[in-house]
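The next block holds one structure in the form of structure tokens; read it before the comments.
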Amino acid sequence: MKAFEWEQPRDWGEAISMLDPRDLTVRVMAGGTALMLMMKSGVFQPTRLISLQGLGQEAGAIVQEAQGGIRIGALCSLTALGQSSAVATTAPVIIRTLKTLSNVRVRNVATLGGHLAHADPHMDLPPVMMALGATVKTVGARSSRTLTMSELYRGYYETALEPDELICEIVIPSQVGRSAVYLKCSTRAADDWPTLGVAVNVKCDGDVIEKARIVVSAATEKPIELVAAQTLLEGHSISPSRLNDCAELALAQAPLVSDARGTASYKKELLRVYLKRAIQIALKGTIS
Amino acid sequence: MLVAKVFRSTMAHAVIRAIDVSRARAQPGVYAVYTAEDIVGLIAKPFYGPAFHDQPILALGKVHHVGEPVAVVLAEDPHVAENALASIEVEYEPLPAVFDEIEAMNSKAVVHEVLKPAGTFPDLKHLSGKKNTNIALDFHLLRGDPQKAFKQADHVFEHYFKTQPVLHLPLEPFATVAVPTHTGLTLHTASQSPSFVRIEIARLLGWPENRVQVKVPYLGGGFGAKLYIKTEALASACALLAQRAVKLALSMEEQFYVITKHATTLRIKSAVTKEGQITARECEVWWNGGAFADIGPRVTQKSGFTAAGPYDIENVQIDSYALYTNLPPAGALRGFGIPQLVWAYESHTDMMARALKIDPLQMRRKNVLREGRPQATGTLMRDAALVPVLERLAQLMHWDEPFDHGSGTWRRGRGMAIGFKASIAPTTSMAIVVINADGSCQLQSSTVDMGQGSDTAMAQIVCEVLDIDMGVIKVVHPDTDVTPYDMATLGSRSTYHMGHAVKRAAEHARDQLAAMAVEFKLTLNEVSIADLFKRKYGMQAGNVVGVGSFIPAYTSPDAQGQTLQATPFWMIGATGVELEVDTETGQFRITQMINLVDVGNPINPEIVKTQISGAAIMQMGFTLSEKMDFDEGQVTNASLADYKIPGIRDLPQFMHNEAVSAFEQSGPFGAKGVGESGTFGVSPAIANAIDDAVGVRLTDLPLTAEAIFRGMRIHAGQPLQED
Ligand SMILES: Cc1cc2nc3c(=O)[nH]c(=O)nc-3n(C[C@H](O)[C@H](O)[C@H](O)COP(=O)(O)OP(=O)(O)OC[C@H]3O[C@@H](n4cnc5c(N)ncnc54)[C@H](O)[C@@H]3O)c2cc1C
């Protein structure tokens with residue numbers, strides 16, 4: 001590790017002014033859990049790190065909105081996220097997901113903003129947030145904008161964020177009448193990165209599925225919303241044949257890749273099984 | 001103190017054309033940069049190793065594997081040293097490389113042009129290697145007339161198996177601090193073999209043993225990784241060249257390039273009668289030893305003794321080859337080659353039983369070696385509780401009761417496996433028991449406690465002999481200035497070998513105390529130790545020093561691999577497994593694992609249990625998830641994030657660990673070793689249970705969900721596409 005500068009801005013504006021869009025060795029550090037691994041392995045050698053820890057409590061606050069949605073400050077730690085009653089009532093799938101997400105030491109310092117910005121396709125909350133229809137608010141040198149999760153993720157460790165643009169807030173819309181599930185499938189040790197992640201979010205009217213969101217991750221280069229499969233479900237009640245057709249459409253659309261955790265053709269079989277399971281669990285959730 | 005950081009080879013096999021360290025030397029804060037050229041100035045022949053002197057302190061002339069140390073940077077600041085590595089430049093001329101053990105048998109790529117047997121250990125004296133090949137050792141055993149038996153057999157079965165490269169991965173990586181002193185050199189090192197380190201460093205330097213002092217604190221795990229020379233030679237050379245204290249502590253990632261467990265290919269062929277009696281067996285084993293022999297030849301030979309399994313087979317042929325390849329070196333890992341062999345012969349047992357429609361337990365009962373019978377080397381089975389272990393396993397698994405194989409998408413299966421091991425012989429242990437005038441006592445022994453509880457077990461032995469309280473004993477940790485010679489803490493040898501030496505040292509001390517008591521016409525029951533010293537010396541003064549040593553009888557095998565004394569004792573381990581397979585995905589969970597061993601009389605039953613469970617869980621990792629992935633000799637998953645050892649959530653839902661009631665006549669208080677026995681049966685028991693559940697037979701480790709799924713699809717006539 002080489003010596004580097006260390007900055008502690010007081011607000012987002014100051015933080016952005018300390019970034020240098022032409023120099024990728026200047027970066028912000030939130031919890032530092034992903035960054036430190038990259039620094040230890042020599043993949044990333046910073047010249048300047050800008051700590052976001054001095055931004056104040058508000059930057060990590062969770063706010064329940066009157067319309068039923070929640071706004072989460074980018075610096076909210078994963079532990080705080082998991083302990084929030086607003087999150088538990090609005091999107092309990094997040095609480096369930098956090099139970100097997102890394103370990104307590106990492107969760108205590110890792111932030112939601114850092115988690116979403118890192119863009120490692122194996123991470124658990126990006127597909128969940130995508131299925132929940134969450135958006136991220138960004139601040140940049142020139143402008144601020146709102147991005148959907150599909151817009152945020154461009155590819156393997158690649159986001160649409162400009163070098164001098166930061167995530168400041170995550171907005172989860174109201175989930176009234178919805179039921180969401182995330183299944184993490186690991187094929188080596190239980191605490192390995194997932195071989196496949198599947199997130200499903202459904203809204204039903206009786207037994208008719210009004211809205212469906214289906215997201216696949218980990219087996220793909222970035223989390224992907226499987227639109228054709230979703231459309232097939234919407235406006236119908238579920239039957240075994242529809243469930244099968246939905247899975248087949250999902251397989252056709254998901255660009256699965258081989259790696260040390262399994263071949264693409266095996267992951268295809270996993271996706272078929274886990275997708276059906278996730279949909280069935282999600283549908284049960286709407287009834288209870 | 002200076003910190004050393006190692007510059008490692010990026011090539012698997014290449015001639016070193018030039019090394020340019022000038023830019024690294026010029027970095028501010030860099031104290032020195034050394035290459036083999038500097039080392040040779042200090043040590044003319046800088047090669048070490050327990051079987052062959054084949055490992056250079058820094059690469060000399062050529063590199064043999066990716067990760068081989070080529071140069072070293074010293075600086076007070078570890079970051080400065082680390083950064084300077086990036087400015088070292090090496091020009092290589094690539095050589096053809098060989099990675100596979102079968103290819104290594106006949107490959108044009110030869111890892112070592114010259115073979116230099118070390119001649120250190122009496123059981124490896126015959127070692128010479130085969131010139132112009134990659135064969136470091138070939139062990140052959142022939143008993144009876146297998147060829148004739150195969151001709152007359154009702155059935156002949158032949159199967160191939162493979163095990164993958166894995167590694168020890170103690171959570172404390174290798175670390176040595178070398179300090180030049182006015183008399184020589186002191187090493188503080190994470191080693192399982194302090195006496196060997198002293199002898200080998202002294203040999204390299206051409207010094208008498210007493211100029212090298214080796215001190216070992218508690219280790220953060222070893223599992224066979226920290227044997228012989230690892231970081232010690234390089235740290236010593238750096239300290240002497242720099243004339244400063246030098247610390248060489250490797251990272252978790254560097255461990256992947258230091259020492260591994262042999263990958264193997266195994267062929268096993270059996271002749272069997274209609275009734276399931278095995279009449280002949282042929283075993284061929286190819287051990288992928290990597291670039292340096294380390295202790296691989298001994299693994300090849302000792303495990304060769306038992307490659308045919310714990311079965312009473314009249315006609316046996318065993319051919320076992322230790323091979324050099326251009327992978328990181330392989331050595332001993334908890335089981336000394338036995339888990340690889342049991343994997344093959346116990347999978348083979350079930351495959352035959354299944355084909356012959358014989359119950360797997362009956363198949364084993366019919367063939368198991370009984371007490372007093374000769375094993376493949378001709379050595380008789382003595383105090384070997386094979387039958388009690390097998391029967392107790394059957395009982396605990398309720399083997400004779402109907403078994404629910406599940407329904408729907410969940411299928412259940414059960415499997416068992418039993419293995420055995422010859423101890424590593426002949427090896428020596430020495431111990432000193434010092435009694436102080438107040439009745440307190442020190443035990444000086446070079447056995448290394450790395451969590452296995454040897455300090456406790458040895459102290460118990462002293463207490464038992466001297467009839468004193470555990471509280472008054474201090475176990476002095478290895479310090480070669482103080483603690484006498486011990487071969488090493490390896491191969492489950494300490495309880496038996498050091499246990500004997502400690503017992504003898506304690507008895508020697510007790511006899512001297514008794515003689516002192518006689519001087520005052522007393523017996524030891526009538527006077528406290530403190531009073532005895534006061535009477536003798538008029539005050540609290542004096543010591544009694546008891547010494548003990550032990551080396552078991554051993555006879556080297558003849559050209560046919562035959563000997564009546566292959567081992568001082570037999571280790572036995574068996575595992576039974578029940579599991580559930582999700583037939584939609586191939587994923588499975590182990591619902592029950594039962595591990596049974598014969599440790600003779602357990603000196604400390606609680607420690608024994610933790611040794612059994614620890615060994616079994618470790619082997620479970622080697623069975624299910626651990627595998628070093630290589631690309632042209634480079635490890636592509638060299639980190640704990642990518643190389644998956646089991647976590648708490650991977651454990652079987654229910655686990656039972658037990659030592660059967662047994663007694664080793666030749667052992668101290670009837671005891672023998674336990675560190676490895678829990679590993680023996682794990683892999684084949686799981687594979688046998690998978691076969692029982694879904695009819696898929698896996699012959700390569702690790703046993704992955706994908707492999708099971710692919711097997712099920714082949715059965716269903718819908719094979720999954722390869723990609
Ligand atoms: C041992 C371990 C186990 C783990 N297991 C899991 C797991 O099971 N599942 C899982 O999903 N994840 C897992 N992770 C990953 C973990 O979730 C991430 O490391 C963490 O969420 C990253 O958050 P951070 O605040 O520490 O990010 P940092 O390390 O601080 O930053 C990560 C990246 O995001 C950038 N960044 C940070 N904040 C912002 C922002 N507000 N706007 C724009 N860019 C920003 C940084 O510059 C950096 O490039 C694990 C990590 C570890 C170390």
Side-chain angles (χ1 to χ4, degrees), chain A residues 1-4 33-34 36-43 45-46 99-104 106 120 122-123 183-196 198 219 244 247 251 255-278 280, chain B residues 5 27-29 77-86 251-253 409 582-589 617 620-621 624-631 636-651 702-710 712-713 718-723:
Chain A
M1 205 195 295
K2 286 196 179 115
F4 53 84
T33 58
M36 287 305 297
L37 285 184
M38 296 195 294
M39 286 164 64
K40 266 181 68 182
S41 65
V43 177
Q45 295 199 343
K99 291 225 161 71
T100 60
L101 194 155
S102 71
N103 57 58
V104 65
V106 171
D120 175 341
H122 297 99
M123 286 167 62
L183 294 184
K184 176 176 185 167
C185 166
S186 53
T187 50
R188 303 190 300 183
D191 68 353
D192 189 13
W193 291 105
T195 304
L196 170 76
V198 178
N244 279 334
L251 297 188
L256 305 174
V257 291
S258 296
D259 62 15
R261 291 174 192 84
T263 62
S265 49
Y266 177 56
K267 289 180 186 177
K268 211 168 172 171
E269 302 299 322
L270 290 177
L271 176 56
R272 191 197 312 274
V273 173
Y274 275 80
L275 180 60
K276 289 189 205 171
R277 288 181 187 171
Q280 280 164 330
Chain B
K5 294 284 174 190
Q27 305 266 318
D77 181 335
H79 300 305
V80 167
E82 183 129 22
N83 285 333
L85 294 178
S251 66
M252 198 58 88
E253 290 73 18
T409 58
D582 177 348
T583 55
E584 287 190 300
T585 65
Q587 290 170 293
F588 62 99
R589 55 175 179 243
I617 292 165
M620 191 188 78
L624 302 183
S625 58
E626 297 183 44
K627 177 173 185 253
M628 294 174 74
D629 292 320
F630 287 99
D631 181 14
T636 56
N637 59 344
S639 80
L640 284 173
D642 295 315
Y643 177 95
K644 296 316 291 184
I645 61 174
I648 200 82
R649 292 194 291 136
D650 295 301
L651 298 193
L703 309 174
T704 64
E706 176 163 353
I708 296 172
F709 187 80
R710 285 183 177 274
M712 288 189 299
R713 288 290 291 265
Q718 300 170 311
L720 206 60
Q721 184 190 325
E722 297 286 340
D723 56 6

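Since the structure is predicted, the reported quantities are computational estimates derived from the model, not experimental observations. Letters go in sequence order (proteins before strands), and every chain restarts at 1.
Side chain of Glu82(B) to main chain of Lys5(B): no donor-acceptor pair is present (N/O by atom type, distance under 3.5 Å, no hydrogens or angles). Proximity of a side-chain donor or acceptor of Tyr643(B) to a complementary backbone N or O of Asp629(B) within less than 3.5 Å is not detected.
With sequence neighbours excluded, the residues forming a salt bridge (Lys or Arg N to Asp or Glu O under 4.0 Å) with Asp192(A) are Arg188(A), Arg261(A), listed by chain and number. When the side-chain hydrogen bond (donor to acceptor under 3.5 Å, both in side chains) test is applied to Thr195(A), the partners found at least two apart in sequence or on another chain are Thr187(A).
Neither the backbone nor the side chain of Asn637(B) comes within contact range of chain A; no heavy atom of the residue lies under 4.5 Å from a heavy atom of that chain. With a 4.5 angstrom heavy-atom cutoff, Leu624(B) does not touch chain A via any of its atoms. With a threshold of 4.5 angstrom between heavy atoms, Ile648(B) does not approach chain A through any atom at all. With a 4.5 angstrom heavy-atom cutoff, Thr704(B) does not touch chain A via any of its atoms. Only the side chain of Ala260(A) comes within contact range of chain B, with heavy atoms under 4.5 Å apart. For a residue to count as touching a neighbouring chain, one of its non-hydrogen atoms must lie under 4.5 Å from one of that chain's; by this rule Ser258(A) touches chain B with the side chain only.
Remark: the Thr263(A) side chain and the Arg710(B) side chain contain an N/O donor-acceptor pair separated by less than 3.5 Å.
Most heavy-atom pairs under 4.5 Å with chain A: of the set Glu584(B), His79(B), Lys644(B), this distinction falls to Lys644(B).
Under 4.0 Å is where a charged nitrogen must lie from a carboxylate oxygen, and between Lys40(A) and Glu253(B) no such pair does.
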